[in-house]
2 protein chains.
Amino acid sequence: MSYSVGQVAGFAGVTVRTLHHYDEIGLLVPGGRSHAGHRRYDDADLDRLQQILFYRELGFPLEEVAALLDDPKADPRAQLRRQHELLTARIERLQQMAAAVEHAMEARRMGINLTPEEKFEVFGDKDPEAHAEEAERRWGGTETYEESQRRAATYTKDDWKRMQAEVASWGERYDALMAAGEPPTGEAAIAMAEEHRQHITKWFYECTYEIHQGLAETYVSDERFKEFYDSMRPGLAEHLREAITANAARHTS
Amino acid sequence: MSYSVGQVAGFAGVTVRTLHHYDEIGLLVPGGRSHAGHRRYDDADLDRLQQILFYRELGFPLEEVAALLDDPKADPRAQLRRQHELLTARIERLQQMAAAVEHAMEARRMGINLTPEEKFEVFGDKDPEAHAEEAERRWGGTETYEESQRRAATYTKDDWKRMQAEVASWGERYDALMAAGEPPTGEAAIAMAEEHRQHITKWFYECTYEIHQGLAETYVSDERFKEFYDSMRPGLAEHLREAITANAARHTS
DNA sequence: GTGCGTCCTCACGTCGGGTGAGGTGCAAGC
DNA sequence: GCTTGCACCTCACCCGACGTGAGGACGCAC
């Protein structure tokens, strides 16, 4: 069984030119040539191509791909293990990005102004310095709630107002609920947690129960988020977190 | 608050040159310039840069990134929704790739010879034609079990033999177990399922309970995989699937 | 023999930047 | 006051991973 460039290009989903290129740079030299000089790929070549495409997809430069594949002390078992690790690492990375996106949007929803460093946190730039100076800018600056609101206002003003009204209404009702001594695991609190989740879904993005729980954690762990909720009533942040957790538990069981 | 190229490059984790480039092509033009002609980026620029990097990371060409960001009918809400969708789609894709890698390795373990089309299945090339002709090659070909074994033999011969011995031993014991009338949910069968899982982990890759269950499904749904197991004893494939499921359930509860 | 389809080999174009070369503006140290 | 250093500027060529013709060879079909 041997295949022409066209056939291989066909089922591998690459162009003929790409195969030519790989031949040129010695990354994938076909097992043989026909008498007319046409490239003939055998099954081993296909296996190799599959591996090449795998690593390419994950963004490796071709030179490194060659190194990985020609590594003599990497048998198929090691290859597989590596591929599997790469994939799971990648997935984790994306999940972190998703979490960061959710986080960023929550900040926006509350009119919290992230520092530049925080904005780029997603991209994994663990550079924990310039932190004193940063706090200066953050708390000493003159950027107000109002101002950051203005910046977020690519919404129509009406939309924004209506959303704020919903938030306010929800806040008052949650305040009342706590005043009445309702526990976080009670029906009333759980209903409010669910309303909170649906508010996010309505105005921002599909907020799953899982995501919601993630957000709940930051409401108590991040000072600014906590302040947002505690300003409605002291202790609200924690109360809400527990209600959200209870609500999530109910729906994932 | 405004920042120089160097500062921005710093916390965004890109080079100064990149920022120059983005300015040149009009993708990110700084809000202003200092009297000396130095670029000054303001907070809105940072937000935009963050978005740019997000889409770039997902592989969009810069021109498209510009189109996405300058789309007038995409408010922050729509952006967020889109980003979130892109991420979850990407994650799903990677998970499929991971599953395909697992699948490929199982095939190798059993000496099953995938058709070229199957080898590239991962890369999503749904082209369900040329299927009759394909079956010809697949079943009519002369490639034997032996041959495909040979190709997979980048293992040391010893390793391969020892692995095969383990498989054989396991098969005999599973055969006996079924002959004795053990149910798939019984202790003995579950122990065999667990041994099966650990065999894969030992020789190939970290096989989680979740992955194991995925494999179990293909053992009954893919004719060739089914044949591999049923040749040890008719009905073994299905028996094993249920045992694996029971074993997985025990460990994830 | 004349299409046609697929293959071949140059060889230049494109995209997203990297990497100097050579020059300017400004603060600090001598 | 002068120079040294640093961060910035523009101009311009270089690179990887192909895309995109141009111009030609093969084989089969009519």
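Chain letters run A, B, ... following the sequence lines, proteins first, then strands; residues in each count from 1.
- Whole-Å rounding puts the His21(A) NE2 to dG19(D) C1' distance at 11 Å.
- At a threshold of 4.0 Å, the pair Arg17(B)-Glu24(B) counts as salt-bridged, since one of the basic side-chain nitrogens sits closer than that to a carboxylate oxygen.
- Residue Arg39(B) places at least one side-chain N or O under 4.0 Å from the OP1 or OP2 atom of dC9(D).
- Heavy-atom contacts of chain B under 4.0 Å fall on DNA chain C between two terminal nucleotides, which in 5' to 3' order are dG16(C) to dC26(C).
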| request: Take Phe60(B) and Leu86(B) through the side chain to side chain contact (heavy atoms under 4.5 Å, CB included) test and state the conclusion after the steps. | output: CA-CA 11 Å; Phe60(B) 288 86; Leu86(B) 282 168; 4.0 Å; yes

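- One atom, CD of Glu63(A), and another, P of dC15(D), lie 13 Å apart when rounded to the nearest Å.
- With rounding to whole Å, Leu19(B) atom CG is found 13 Å from dC8(D) atom C1'.
- A residue-by-residue look at Ala36(A) and Arg17(A) shows that Arg17(A) has its nearest nucleotide of DNA chain D further toward the 5' end.
- Between Arg48(A) and Asp43(A) there is no salt bridge, since no side-chain nitrogen of the basic residue lies less than 4.0 Å from a carboxylate oxygen of the acidic one.
- Taking the nucleotide of DNA chain C with the nearest heavy atom to each of Arg56(B) and Gly6(A), the more 5' of the two is matched to Gly6(A).
- The residue Phe60(A) sits apart from the nucleic acid: no heavy atom pair falls under 4.0 Å.
- Between the side chain of Thr218(A) and the backbone N or O of Asp222(A), no donor-acceptor pair lies under 3.5 Å.
- Under 4.0 angstrom from either OP1 or OP2 of dA17(D) there lies no side-chain N or O belonging to Thr18(A).
- Following rounding to the nearest Å, Glu64(A) (CD) and dC15(D) (P) show an atom-to-atom distance of 19 Å.
- Residue Arg33(B) contributes atom CZ, which lies 6 Å from atom P of dC9(D) at whole-angstrom precision.
- Side-chain atoms of Gln83(B) never come within 3.5 Å of backbone atoms of Gln51(B) as a donor-acceptor pair (strictly under, hydrogens ignored).
- For His38(B), no side-chain nitrogen or oxygen approaches OP1 or OP2 of dA7(D) to under 4.0 Å.
- Atom CG in Leu27(A) sits roughly 9 Å away from atom P in dA17(D) (whole-Å rounding).
- Ring to ring, Phe11(A) and Tyr3(A) are close: their centroids are under 6.0 angstrom apart.
- With salt bridges taken as basic N to acidic carboxylate O contacts below 4.0 Å, one links Glu57(B) and Arg93(A).
- One finds a side-chain N or O of His35(A) lying less than 4.0 angstrom from the OP1 or OP2 phosphate oxygen of dG27(D).
- Between Tyr22(A) and dC18(D) there is a side-chain N or O to OP1 or OP2 distance below 4.0 Å.
- Contacts of Ser34(B) with the nucleic acid, taken as non-hydrogen atoms under 4.0 Å apart, are absent.
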